[in-house]
Amino acid sequence: MTDLAKAYTPHDVEGAIYERWLAADVFAPDGSGSTADPDLPPFTIIQPPPNITGSLHLGHAQRTAVEDLMIRHARMRGHRALFLPGLDHASIAAQFVLDGILATEGESRESLGRDRYLERMREFVATTREVMLGQQRRVGGSFDWSRLRYTMDEGSATAVRVAFERLYRADLAYRTEALVNWCPGCRTSVSDLEVVGTPETGTLWSVRYHVIDPATGRPSPGETITIATTRPETILGDTAVAVHPDDPRYTSLVGRLVRIPFAERDVPIIADDVVDPAFGTGAVKITPAHDHDDHETGLRHGLAAPTILADDGSVAGTGTRYDGMDRFEARAAIVADVEAAGDLVAAVPHEMVIGRCQRSNDIVEPRLKTQWFIRTTPLAQRALEATRSGRTRILPERFEKTWEHWLTDIRDWNVSRQLWWGHRIPAWYCPDGHVTVSSEEAGPDACAVCGRAAVELQQDPDIFDTWFSSGLWPFSTLGWPDDTADYRTYYPTSVMETGYDIIFFWVARMMMLGLQLTDREPFHTVYLSGLIRDPLGQKMSKTKGNVVDPLGVIDEAGADALRFALIHGATPGNDQRFGPAKLEHARNFANKLWNATRFVVGARPATIPEGAERRLPDAHHLGPAERWLMSRAAATTKAVDAAMASYAFGEVTRLVYEAIWNEYCDWGLEFAKVRLADERLGQEEREATWWTLVEVLDTYLRLLHPVMPFVTEALWAALPHRVTDPDLLIVARWPGVGEADLLVERDVTLLIDLVGEIRNARASARLPASDWLETLLYVPVELGPTFEALRPAIERLARARPLQRELTPEALGAAARPGDLTVIVAGGQIEAAVRPKTTDDDAGALERDRLTRDLSEAEGWLSAARERLANESFVSRAPAAVVDAARAREAELTDQVEKLRDRLER
RNA sequence: GGGCGAUUAGCUCAGCGGUUAGAGCGCACGGUUCACAUCCGUGAAGUCACUGGUUCGAAUCCAGUAUCGCCCACCA
C-alpha cells in the first residue's frame, strides 16, 4: 500500500511498482495477469530496436513513452496489447564503437582477424545489452519481456536467410558489378542513404590534354583539349573525354584520340548529351570506375573502366609513381606535376557537394564492386499502393509526400557490406562462378548450377546491410517464416512509431519487404515523432556535449515526469526542445496529483470504514458541486477519447492536466472540503461527496495512467476499488463516458466566476487577503438552489461573510453603501456588493479605476458584437445557433455596460 | 534545382473556420486557512511574420513574399 503520509518521491514509488507489474505478469497479452478480452482484435507495437552498443538517450525515452502510452491505452481498453522489445546489432555502428575500443588497446580488425574479432564483439555486446534493457525498464515501458528479440538471434538469422532466398528466387535480389559508395574509412560500401551530401568549397582545375595526331600516333603539337575536374587524381582512370555533340568548339575533335597524362593512355574524344557545354570548359574527362555519371557514359560508349583505388583509398594498380599514395596525396602530386608540365590552365575555388560517410565522415568514393542488390522498383510500387489506398496511413500526413517522392525515384539497394559483424550473405560461389543461394543454416549441399560438391563452394565473405534484418523486424520477431501462433495473432502489427529521420532507412524497407514476403502491410499506421532538441533548439549530439541522459532525469524527477514532459505539448513530426523547465512542470504535476490523492484518502468520513468496498455515490444525495465534478469528468473522458483516436497525445495531457489541476483540485476539492465539514448535512450527503471525489479521481487516474504509469498506479492502490476491479491499474478498464449535466455545469460555472470576480475586486482594491468581508448579493431565483447548496463554500472561497442575499437587483442597490466594491457577473445575472472594513479615498479611487477599466473593456466588446449583428449577411447566412449566441452575448454586454455606468455615476 | 516545415504573450509551445486567441515558465502584487510553497490568489503582457484573395466570419482555408530550419537531387 502506498504511504501517502510521505511527500512525493518518485524514486521510491517507481522501483517497486515495476517489480509488481512484472510479478503480476501483466505485460504479456497472454500472461497470467492479463485481463484482455479475446474477442477484441489485438493491438501490437514492435518497438524500433535500439542499438545494442548504445545507451539510452532522450530520443529512446520519447519513443518508449509514446509507444507505451498507446500500448497501455489499448490494454486498458481490453485489447491483447503486445509491446515487443528488442535490440539491434547495428552492424556498422557497433563495429565503429568496437574499433575505437580496440584502437586504445593497440589492436585492430586486421590484427585480430575475423573469428577473434567476432568473438570480441559478442563479449562486448553481452556487456552492453543489459544496460539498454535496464534503461527501458526505468522509463516504464510495459514490454512483454518474454518475447524479447535481437536482430542477431537465431530467429532473425533464419528470417534473413529465408527472406534473401525468396527475394533471389523472385529475381528481386541480384549480384552484379556496379558502382557503389565506398567508404575508405569504414572499408565497406554503404547505401545511398548513408552518404551525406556536405557543401564544401573545393577547387575546379582545368587541365590541358594533348590530342593525338593520327598520322604519327603521337601528341600533335598545338592540338589540345582542356577538361575541368575537381578530382585530378581520377585522371589516372580516364578512358575518354566527352563533349556535347552540338558544341561547335569541339566538333572537329570528336572521334580523335587524346593522351591521358601520367597514365600515358590514348583514349577517344566522344560526344554525349550529358555534357553541359556551359560548365567549365565544356569538355569532361570520363572515369567510368569512379564517377556515377561517367559510369553511365562509359556503358553507353563501351569504355573500359579501370579501377585506380584500393580499399583504403590509396591509388593502386595504375603503374604510375602515384601508386600507394593516399588519394588526396596523389591529387596534390598530380596537380603539381600537371603544373610543372605547363598543362594546368586554371584552378578556381568551386562550391560543391561532397558525399561523406554518415558514420566515419570520410569522403565516399564511387567504386566498381561486384555486390548484391535488391531490386526496389517493384517493391516500392507495392509500398506506394499501400499508402495510396489508405491501407497504411502515415502521420502526420505531410510525410506521405516525402514518402511518395522517395519511393517513386528509388534506386536499387546495395545490401552487401564488407564488414564482419552481421548476417553473412547466404550465397555460395563455385569455381566456375555459379551462384547458389540457400537458406539452409549449413549452406547448400552442392552448386545449384553444376552440382559441384559443397566443399568446393565459397560463401560470400560479405554481410548484409544492418537495415536488411531491421526491415524484417515486424514479422521476424513474431516467428516468421514459420506460421506460428504469434504470427497469426499479432501480425500485421498496429502502429509503427519512430522518428521521421529513419522513414527511408527503416519504415520504407519494412513496408517493401513486409509486403513482398508476407503479402500484408506490416502495420496500418506509421506515427512519426519529432526529434528532441536541446533548449537552444540544437540537435543533441555527443560532440556538442548537450546530450541529456534520461536516467539522470529519471533519478531527479521521475520517469512519470520525464514521460509527461516528452508527450505534453508535442505534436507528431515536429521537433521539440527539451529542458529543465518542462521537466519541472511535469514533476510539479505529479506532485499535485499525489497531494490531491493524499487529501481525498485522508478526507474519508468516519462513517465509511477504512477498506470499505467501493460505492457509487448515491445520486439522491449529490450536491451541485458533485454533479458538476461528475459531468466534467464525463466531458474530459470524451475529449480524451477523441484526442487518443486522432493520435493527439499532447492534447491528451493538456486535457487531463487541466481537468485535474484547474477543475478537480482548484474547485472540486475546495467545494468538498466545506461540504465534508458541514455538520448540518446528513451522513449520506457527506458520504456521497466523498464517493464522488473517489469516483472522479479514479477516472482521472485511469485517463492519466498511459502517460504517468507509476504515480497513477501507486495512487490508485490507495483508493477503494470496485469488486470488479483487478488489483492493478495497469489492467483496469479505461473509463466509459458518463452522463453530461449541462445545466449544473452552467450554474456552477457562474458561481465559480462569482468567486473569481469577488477575489479580483478585493485584490484590485488592495484589501487584506485574510479579511472576512460582509457581502450583499443578488442571485436570480433559478440559480437559488444551486447557490444555497454551495453558499458555505462560496463564503469561504471568497472570504465573504456574512453573505446576505437580496431578492432583487433593486434591493441590492438600495442596501449597498457608497464604498462597497461592485461585482457584476455575466451581465448582471449575479451581482454583489463587497463591504471593506474601512473605507478610505485610496480604496475608492482603486475601485473606480477597476470599474472604469471593466467598462471600457465591455464597451469595446459590445460595439464589436453590435457591429456584427448589424451586418445583414451575418444574420442571414451564419448558422442560427451562432446568431443566437451573438444576440445573447450582446444582451449580456448591454446589461454589463449599463450596470457599470450606473455604478460609476453614483 | 525540387519538396516540406516553422513564423502566435519576454521564452518554450498548444490551438488550425465561429462569441472576448490559450498553457507552462518568466514577470508584478498579495498570501504561514488543517492535500500540496514542487503551493494558493490576483494581475500585466499578443495589429497570431508580411501582402493579397475566398467567406456573413480567417491565427485557422487559398495564392504570393520574407526570414529560419529540415529533407531530397549525378552537373564534372
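Predicted, not measured: the structure shown is a model, and the values here were computed from it. Each chain gets a letter, A, B and so on, in the order its sequence line appears, and its residues count up from 1.
- Remark: A:Asp895 engages no residue in a salt bridge (Lys or Arg N to Asp or Glu O under 4.0 Å) (not counting sequence neighbours).
- Outside the 6.0 Å centre-distance limit, the rings of A:Phe578 and A:His585 are not counted as a close aromatic pair.
- Protein atom NE2 of A:His568 is 9 Å distant from nucleotide atom C1' of B:rC13, rounded to whole Å.
- For the segment residues 652-662 of chain A, residues with any heavy atom less than 4.0 angstrom from an atom of RNA chain B are, sorted by number, A:Tyr657, A:Trp661.
- With hydrogens and angles left out, the side chain of A:Glu670 and the base of B:rA35 share a donor-acceptor pair within 3.5 Å.
- Close to B:rC36, at under 4.0 Å from its OP1 or OP2, lies no side-chain N or O of A:Asn588.
- For A:Tyr664 (side chain) and A:Leu693 (main-chain N/O), a donor-acceptor pair under 3.5 Å exists by modelled atom type.
- Defined by atom type and a distance below 3.5 Å, a donor-acceptor pair is missing between the side-chain atoms of A:Thr230 and A:Trp205.
- B:rG22 and B:rG64 have their C1' atoms separated by 30 Å, given to the nearest Å.
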Could you write out each protein N or O paired with an N or O of nucleotides 18-21 of chain B at a distance under 3.5 Å?
| residue | atom | partner | partner atom | Å |
| --- | --- | --- | --- | --- |
| B:rU20 | N3 | A:Arg889 | NH2 | 3.0 |
| B:rU20 | O4 | A:Arg889 | NH1 | 2.5 |
| B:rU20 | O4 | A:Arg889 | NH2 | 2.6 |

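- By the side chain to side chain contact (heavy atoms under 4.5 Å, CB included) test, A:Ala603 pairs with A:Phe599, A:Leu676, A:Trp690, sequence neighbours left out.
- Spacing of C1' atoms, B:rU12 relative to B:rG46, comes out at 15 Å, to the nearest Å.
- Nucleic acid contact for A:Arg398: sugar-phosphate only, since backbone atoms but no base atoms lie under 4.0 Å from a heavy atom of the residue.
- Looking at A:Arg598 and A:Tyr8, their side chains never come closer than 4.5 Å, going by heavy atoms from C-beta outward.
- In this structure, A:Arg766 places its CZ atom where only 12 or fewer heavy-atom neighbours from other residues, nucleotides or ligands lie under 6.0 Å away.
- Taking atom CZ of residue A:Phe564 and atom C1' of nucleotide B:rU38, one finds them 14 Å apart after rounding to whole Å.
- Separation of the P atoms belonging to B:rA28 and B:rA44 is 16 Å when rounded to the nearest angstrom.
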Pairing string, 5' to 3', for RNA chain B - Watson-Crick or wobble contacts under 3.5 Å, brackets [ ] where pairs cross, | to another strand: ((((((((.[[[[.)..(...]]]].(((((.......))))).....[[[[[..)....]]]]])))))))....

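- Across the protein-nucleic acid pair, A:Phe649 atom CZ and B:rG15 atom P stand 14 Å apart, rounded to whole Å.
- Contact between the side-chain N/O atoms of A:Asn760 and the OP1/OP2 oxygens of B:rG43 is found at a separation under 4.0 Å.
- Across the protein-nucleic acid pair, A:Glu404 atom CD and B:rC4 atom P stand 13 Å apart, rounded to whole Å.
- Counted by atom type alone, A:Arg208 and A:Thr226 present zero donor-acceptor pairs between their side chains at under 3.5 Å.
- In terms of phosphate contacts, A:Thr571 brings a side-chain nitrogen or oxygen within less than 4.0 Å of OP1 or OP2 of B:rA14.
- Residues meeting the side-chain hydrogen bond (donor to acceptor under 3.5 Å, both in side chains) test with A:Thr203, sequence neighbours left out: none.
- Map A:Arg796 and A:Lys401 each onto its nearest nucleotide of RNA chain B; the residue landing nearer the 5' end is A:Lys401.
- B:rG53 and B:rC11 are spaced 31 Å apart, taking the P atom of each and rounding to whole Å.
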Annotated protein contacts, base or backbone, on nucleotides 62-76 of chain B with a non-hydrogen cut-off under 4.0 Å, one of B, S, - each: ----------S-BBB

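- A:Arg533 pairs by the side-chain hydrogen bond (donor to acceptor under 3.5 Å, both in side chains) definition with A:Asp575, not counting sequence neighbours.
- Between A:Phe279 and A:His350, the ring planes lie perpendicular to each other; the angle is over 60°, past the 30° to 60° tilted range.
- With sequence neighbours excluded, the residues that form a salt bridge (Lys or Arg N to Asp or Glu O under 4.0 Å) with A:Asp698 are A:Arg614, A:Arg702.
- What separates CG of A:Asp666 from P of B:rA23 is a distance of 13 Å, to the nearest Å.
- Between the CZ atom of A:Phe599 and the P atom of B:rC40 there is a distance of 14 Å, rounded to whole Å.
- Residues satisfying the salt bridge (Lys or Arg N to Asp or Glu O under 4.0 Å) test with A:Arg367, not counting sequence neighbours, are A:Asp311.
- A:Arg799 comes within contact range of at least one nucleobase, with a heavy-atom separation under 4.0 Å.
- Among pairs with a residue in residues 755-764 of chain A, those fulfilling side-chain hydrogen bond (donor to acceptor under 3.5 Å, both in side chains) read A:Asn760-A:Ser764, at least two apart in sequence or across chains.
- One finds no side-chain N or O of A:Arg766 lying less than 4.0 angstrom from the OP1 or OP2 phosphate oxygen of B:rG30.
- Between the CD atom of A:Gln576 and the P atom of B:rG24 there is a distance of 18 Å, rounded to whole Å.
- For the pair A:Glu397 CD and B:rG5 C1', the computed distance is 15 Å after rounding to whole Å.
- Qualifying side chain to side chain contact (heavy atoms under 4.5 Å, CB included) partners for A:Asp501, counting only residues two or more places apart in sequence or in other chains: A:Leu531.
- With hydrogens and angles left out, the side chain of A:Lys592 and the base of B:rC36 share a donor-acceptor pair within 3.5 Å.
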